[in-house]
Structures are given as C-alpha cells and as structure tokens.
Protein chains: 2
Amino acid sequence: MADASFELDGQGPLYEQIRKAIARKITGREWRPGHRIPFENEMTAALGVSRMTVNRAINALVSDGLIVRRRKAGSFVAEQSTLDAPLTILTAEAEACANGATYRYELLSRSVSPAIRDAMTADRFGPGTSLVCIEARHMANGQPMMAERRWINLDVVPAAANEDFKTIAPGAWLLKHMPWSEAEHVISALAADGDLARHLEIASGAPCLRIERRTWIGDATITFVELNYPGDSKKLVGRFQPLTGGRGNEKRS
Amino acid sequence: MADASFELDGQGPLYEQIRKAIARKITGREWRPGHRIPFENEMTAALGVSRMTVNRAINALVSDGLIVRRRKAGSFVAEQSTLDAPLTILTAEAEACANGATYRYELLSRSVSPAIRDAMTADRFGPGTSLVCIEARHMANGQPMMAERRWINLDVVPAAANEDFKTIAPGAWLLKHMPWSEAEHVISALAADGDLARHLEIASGAPCLRIERRTWIGDATITFVELNYPGDSKKLVGRFQPLTGGRGNEKRS
DNA sequence: TTGTTTATTATGTCTATACATTATCCAATC
DNA sequence: GATTGGATAATGTATAGACATAATAAACAA
C-alpha cells in the first residue's frame, strides 16, 4: 500500500542504502510512528533486490529502535518515547588523551582488609570478602580531573593482591586482567566533603559529579568504584541516531 | 588453529547460540584481547552450519564491540578500553511511572522571543532565530523531581507557537511531533542557584545534576534543554554487556 | 452472537552459492 | 636488503530458495 519505491543514494552497500532510505522516510516524518512500512516482499520487488538484503536493512533499524516488527502484521515505525545514547566511560587516561591533555596518575592510599559490616562493602561484596581498597587521583594538565575510591574483590581477582597500583591505575589494570559480564552505572551529584574536596582541590561543599560503577563476572562482584569529577567538568555523550546507525558515533569533551 | 568447536546451548536461533558461545569464550578469558578467533570457514565446518549464520553471529559481536574484523587477517577479540552503557533518558512522566510514583507536570513560564546575543541561545540556534522558551517542573509524589528550562526553534517546529504547554510537557510534545536525527547530551553537576533551588525546593547551593540535551534535525537545532535533578536523585544506567547483547537491558531507579 | 478451526501470510531463520574487495604473504626483481 | 607485484585467503556483500513460526483473517460451527 505504502509507496515502496524510494531513492537509494548509491553510496555504500545496498543494505545500507536501503536502511538509510527508510530512516530518511521516518525522520522526514513521511512515515510517522505507528505507520506500517512496506512489506519485505514489496520492497524486494520495488527495488529489485533480494529479500535477505531488505531484511538486513530492516533488522538494523530494529536494533536502532526505529522499527518494530510483528509477524504476519508487518513492520511499523516505532513510537519514540526515549532518547537513547551510548554512554561511553573511558579510562581516565584515555579521557585525558582524547582532550590532548597531559595525564598523570597518583596513588593516594592502598589497603587490604575484609569487607566489614557497612553499606559500602559488605552489602556489595558479601561480609568477610577480602578486598583491596584504593584511593587514587587522576590529573590532567596538572589539575585534578577525577578522584576515585575503589574496592576490588580478591576472591575474584587474587592477582590484585600482588599489584601495588603505584604506576598503573586500577581501572586500566582491571580492564587488562579481568573480563566482566555485567556493569551498572549510577550517576549522581553531591557536595564535595572534606577528603574529596581536598583530593580534587575544590572548595568544600562544591558540586561534584559521581559515577558509581559496579562490575560483575557471573554472580560475583569484581569491583565497585566511585569516580568523582569536579562538577564543572562536563561529560559529553553524543549520538547520531537513525541515519548513520550502528555504534561508534560517540564524541567527548 | 584455535579450537573452533564449542558448546552450543541449544537455546534459540543458531546464530544466537553461536554468538553466545563466542561471547562466553571471551568473557571467560579463554580468548583474550588480541586473540584471533577461528575463521568463519573453520566454524562453519566445525559446527556444521552455513557460513552466513556464522557471519551473522560475528557481526552482532562486532556491533557489540567485542570483536574487530580485518579482511584476510581474520577476526580478533577487541581490546577492552571502554565501558559502554546505553543511557536511556525517558520523558519525566515515563520515569515517574516506572518508579510507581504519581506524576504531575507544572508549567512555570512560557515566552516567545528571538534568540539574542548570549551563549544560551544565539550560539546554539543562530542569532535572531524565533524561540519559545519554557520553564517547567515535574513532580513525583508531590515532590519536585526535575526542573527544566527549554528553548524550541520555531523555524523548525512552527507548531510549537500554537501550543501553550499548560498540560503537556514540551519534551513529550516534541517526541510526538518532531523526529530528530542527532542528539547530544552533556552531564554535569552544579550548585543550585536561587531560581533553580526554589523550583526544586532544595537549599541554595545544594548539588544538582544537570543533563543538557541538544537535538538536531539535519543541520538545524530543534531544541536545547536543561534538565535539572536534585543531586541525590540517582540516575541508574545498567547493562549486561556481552552475553545477552543487543539492546534493551536498561534498568532504572 | 460467540467460539473454534483453518487458511493465509509476513516475518524469522537457515542454507548453498557466487562474486567483490583487500589485507597479507611470498616470490621475483632491482 | 628493499621494492614491486602478483597469488592467496578471509571477510564483505548479495542472491535465490526453502521451511518454520506465529499472528491475523476468514470460514465455519455452536
């Protein structure tokens, strides 16, 4: 029913051209949310390509969240209700380098102790778990860029007991030594307290952006970390949504 | 060379089983970053499936960022250097409902004016652009959950001039009326100033989480908005990375 | 009208095959 | 030894066809 013939731009692979053409129809509001796009068969015939090629194009749009498909009924333009953007959290070093800043890592303290009965450790790792606790600071151009407080589960990563973390940051070390199956991020704002304010060299009570990250392998928590940034250092997250699709359109500053 | 025979779990489509099996090898550190995984041909032979099926599985891992492919050389386990998590920003109403809270929207002010020479508007929309400026508040369970300040480009969305935004929030309205091709998010922490503190009913100087979002359609900026949350309201971003893959593992609280 | 069965049909998966594209390797040459 | 150039091989794209699956719609029965 819907006009299944549209303009392919001749740029790149066929399935990409088709994907972009459909995305254009949607972002151009020609096909609005809820609209049934042409059946695969129709596009196949109209464009003179194979069904698999059309299928691949539409599937890409499905994983982009632009299209929902229903067997027998057809494929429909999704209702947009959220704005979805990949939040890429680089290691501090990568982040500094991306901005062209000089980077320095600074270990503030390191200690080994079992998780005791407090919300910070026992609840997350289980009481009695052996932990390395690390406080460290990451400097960009000589200025504190981020202060971290981290606990590493020695039951899961015993090798961390033999690492002093004086020259390599625990985040970078873990990425090299441990895989993870799940991660959770919690973002919040808080007023810097005494310790944190001193580490970041900002006024006590100054606003501060915190990213808490908990990482699992299977059921076991590998590490829990607080990354604290001065409030005015902005985290940028960007995305070109439907026209280019796929991954890897992140920007940062 | 590498052992191309691995366990399929028999659950779901073949390409999914293969994808999961490869992901398991990677998260289990059997295949470490830089390792060359078996060639498509090898897996095809070892598993007794078609090459297209293997190809589809590996391509999914590529868009998950777990695998990088090089023609002629092979497919390799990617170096993990970032933690990637989809940040889904719901409309305020959806967010409140997700938490089971009662939701109320409150318009604080609305005005129409051209963009003047300041950083907030002219730099983003171009000098002289006609804008609607809206201040509003979103309440959850009677408590201020978020305060927004928004500018909408009337050149791009003329219909916004006829909408008073007294009952419908501009974010929800725009999602219904305008497509977008690109969005950019900037997250920062700041101390609530007088106006903002009053709107959120928090102490002046209290920390506050701000998400700035700028949305484009083609080259034109549709809207720019500041979403301000009380600092202690945490934004949750979660993701099960490699084993489940694809989209839609977001959690929130 | 209501409920059940059946046929239809669009998507979902999978295969076998073909050719294009290019890094890589290796051998021949300068 | 360094450069060049071609053979090789692995991925990239595209095709046609097949069957599975499931939801809709139509036909039928209670």
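We name chains A, B, ... by the order of the sequence lines, and we start the count at 1 in each one. If you're wondering where the values come from, they're calculated on a predicted model, not measured in any experiment.
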Query - Aromatic A/Phe76 / basic A/Arg36 pairing, under 6.0 angstrom, 45° off normal - result: no
Query raised in the report: Once each nucleotide of nucleotides 7-14 of chain D is scored for protein heavy atoms under 4.0 Å, what B/S/- sequence comes out, 5' to 3'?
Result: -BBBBBBB
For residues 154-171 of chain B, tabulate all N or O donor-acceptor pairs below 3.5 Å that involve a side-chain atom, not counting sequence neighbours.
from	atom 1	to	atom 2	distance (Å)
B/Glu163	OE1	B/Trp173	NE1	3.4
B/Glu163	OE2	B/Phe165	N	3.3
B/Asp164	OD1	B/Lys166	N	3.0

Query raised in the report: Heavy atoms, side chains only, cut-off 4.5 Å: are A/Phe224 and A/Phe125 in contact?
Result: yes
Query - Distance-only donor-acceptor check, side chains A/Thr44 and A/Arg51, under 3.5 Å - result: no
Query - Polar side chain donor-acceptor pair, B/Glu148 to B/His138, under 3.5 angstrom - result: yes
